[in-house]
Amino acid sequence: MPELLEVELYRRLAVAALDRPIASVAVVDPHVLGAPVSATGLRRALVGRRFTAARRRGKLLLLDTGAAGGEGAGPTVGLRFGMTGGLLVDDRAALDRLRHSAGHYGERWVRLRVHFGDGGVLAFHDPRRFGRLLLDPDEGALGPDAATATVAELRAALGTRGPGAGPPLKARLLDQTRLAGVGNLLADEILWRAGLSPSRPSGSLSADELRRLHRQLRSTLDRLAERGGSHTGDLMEERRPGGRCPRDGAELARVTVGGRTTWWCPAHQR
DNA sequence: TAGATTGTTACCGT
DNA sequence: CACGGTAACAATCT
């Protein structure tokens with residue numbers, strides 16, 4: 001579920017966890033910790049501190065820490081939500097439902113808890129266990145955030161190797177090191193709205209097509225944010241055999257691009 | 001039951 | 001070596 005739009009909702013929820021002293025950390029499932037982080041190491045890094053800022057870059061949620069009393073910066077916690085991760089603060093969720101979780105947040109899928117001195121708790125929830133907690137993640141490894149990327153940044157992300165060159169356009173949109181935040185559902189929706197084929201060579205866009213893609217990137221994120229998330233696109237209900245293009249009624253094609261299932265309209269996406 | 005799933009990454013071949 | 005495609009990961013849902 002979590003693409004950029006969902007992680008932004010998690011970020012806003014996480015603001016409620018700021019400036020509260022961290023009393024203890026319960027690693028319910030050690031699997032959520034990346035190899036270099038141990039449960040004791042994480043406790044040592046966090047207990048006695050507090051979260052001071054909730055930031056986001058692409059699909060990565062970043063929680064900066066400082067000393068509980070005031071001065072003294074601590075490590076930054078990075079939360080990567082994988083396919084099914086979610087966040088709860090004081091038992092409130094950013095999203096009412098999560099797919100792959102029987103429509104609710106179950107106790108059995110809580111992988112990590114951060115307890116605050118006031119009795120509250122921040123919980124990391126992840127049925128499928130692709131999510132990870134990272135300490136001081138390399139933010140520079142991610143491309144510019146898709147929600148704020150400029151046309152020039154988008155052009156750089158796609159590459160400029162010229163006509164016929166480069167990987168499929170969709171594969172580049174999904175490459176988090178070039179542009180951060182777009183996942184499989186958003187990529188299909190954006191390309192559908194922009195009228196561009198997912199398999200166009202990434203370097204083959206004209207200046208006009210590039211501007212169109214940039215405009216649709218922005219407007220799609222705005223529109224789906226209003227509607228409630230990455231799964232609220234016009235294409236979503238048609239992602240099935242026999243699904244039809246909501247714009248022109250043509251039967252959608254299912255292909256694999258960039259290793260992901262891709263639905264697109266051969267009639268108007270060029 | 002077989003097949004699919006919204007993310008990331010190690011590995012393999014060109 | 002750089003680049004790009006594939007499988008693997010884990011658990012659940014249709």
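Please read all numbers here as calculations on a predicted model, not as lab measurements.
Note on A:R80: every side-chain N or O is 4.0 Å or more away from OP1 and OP2 of B:dT8. Within the structure, every side-chain polar atom (N or O) of A:R132 is placed at least 4.0 Å from both OP1 and OP2 of B:dT9. The side chain of A:T84 places no N or O atom within less than 4.0 Å of a non-bridging phosphate oxygen (OP1 or OP2) of B:dT5. The phosphate of C:dT14 has neither OP1 nor OP2 within less than 4.0 Å of any side-chain N or O from A:R239. Applying the 4.0 Å criterion to OP1 and OP2 of C:dA11, one finds that A:R111 has every side-chain N and O outside that range.
A donor-acceptor contact shorter than 3.5 Å links the side chain of A:D188 to the backbone of A:W263.
Following rounding to the nearest Å, A:F81 (CZ) and C:dA11 (C1') show an atom-to-atom distance of 18 Å. Across the protein-nucleic acid pair, A:L235 atom CG and B:dT5 atom P stand 13 Å apart, rounded to whole Å. When rounded to the nearest whole Å, the span between OH of A:Y10 and C1' of B:dG7 equals 12 Å. What separates CG of A:L133 from P of B:dT8 is a distance of 15 Å, to the nearest Å. In this structure, A:H231 places its NE2 atom 13 Å from P of B:dG7, rounding to the nearest Å. Atom CG of A:L173 is separated from atom C1' of B:dG7 by 16 Å (rounded to the nearest Å). As rounded to whole Å, 10 Å separates atom C1' of B:dG7 from atom CG of A:D126. Between A:R129 atom CZ and B:dT9 atom C1' there is a gap of 17 Å when expressed in whole angstrom units.
Cluster partners of A:W264, by chain and number: A:V255, A:V257. The rule joins Ile, Leu, Val, Met, Phe, Trp and Tyr whenever side-chain heavy atoms lie under 4.5 Å apart.
Below 30°, between 30° and 60°, or above 60°: for A:F124 and A:F81 the angle between ring planes is below 30°, a parallel geometry.
An aromatic stacking contact links A:F130 with the base of B:dG7, defined here by ring centres under 5.5 Å apart and ring planes under 30° from parallel.
Among residue pairs with one or both ends in residues 178-187 of chain A, those qualifying as salt bridge (charged side-chain N to carboxylate O under 4.0 Å, His left out) are A:D175-A:R178; sequence neighbours excluded.
Within 4.0 Å of A:P241, counting heavy atoms only, lies no atom of the nucleic acid at all. Residue contacts for A:R254: at a heavy-atom cut-off of 4.0 Å it reaches the sugar-phosphate backbone alone, with no base atom in range.
Here B:dG7 is the nucleotide among C:dG5, B:dG7, C:dA11 with the atom lying nearest to any side-chain atom of A:E3. Of the candidates C:dG5, B:dT5, B:dT8, B:dT5 carries the atom nearest the A:M83 side chain, counting heavy atoms from C-beta on. Distance from the side chain of A:P168 is smallest for C:dG5 among the nucleotides C:dG5, B:dT8, C:dG4. Taking only side-chain atoms of A:N184, from C-beta outward, the nucleotide of B:dT5, B:dG7, C:dG4 with the closest atom is B:dG7. Nearest to the side chain of A:R260, among C:dT12, C:dG4, B:dT8, sits B:dT8. Here the nucleotide nearest the side chain of A:W109, chosen from C:dG5, C:dT12, B:dT5, is C:dT12.
If you run side-chain hydrogen bond (donor to acceptor under 3.5 Å, both in side chains) between A:T76 and each of A:T65, A:D64, A:T52, only A:D64 comes through.
Counted within 6.0 Å of CD on A:E226, heavy atoms from surrounding residues, nucleotides or ligands total more than 12; the atom is thus considered enclosed.
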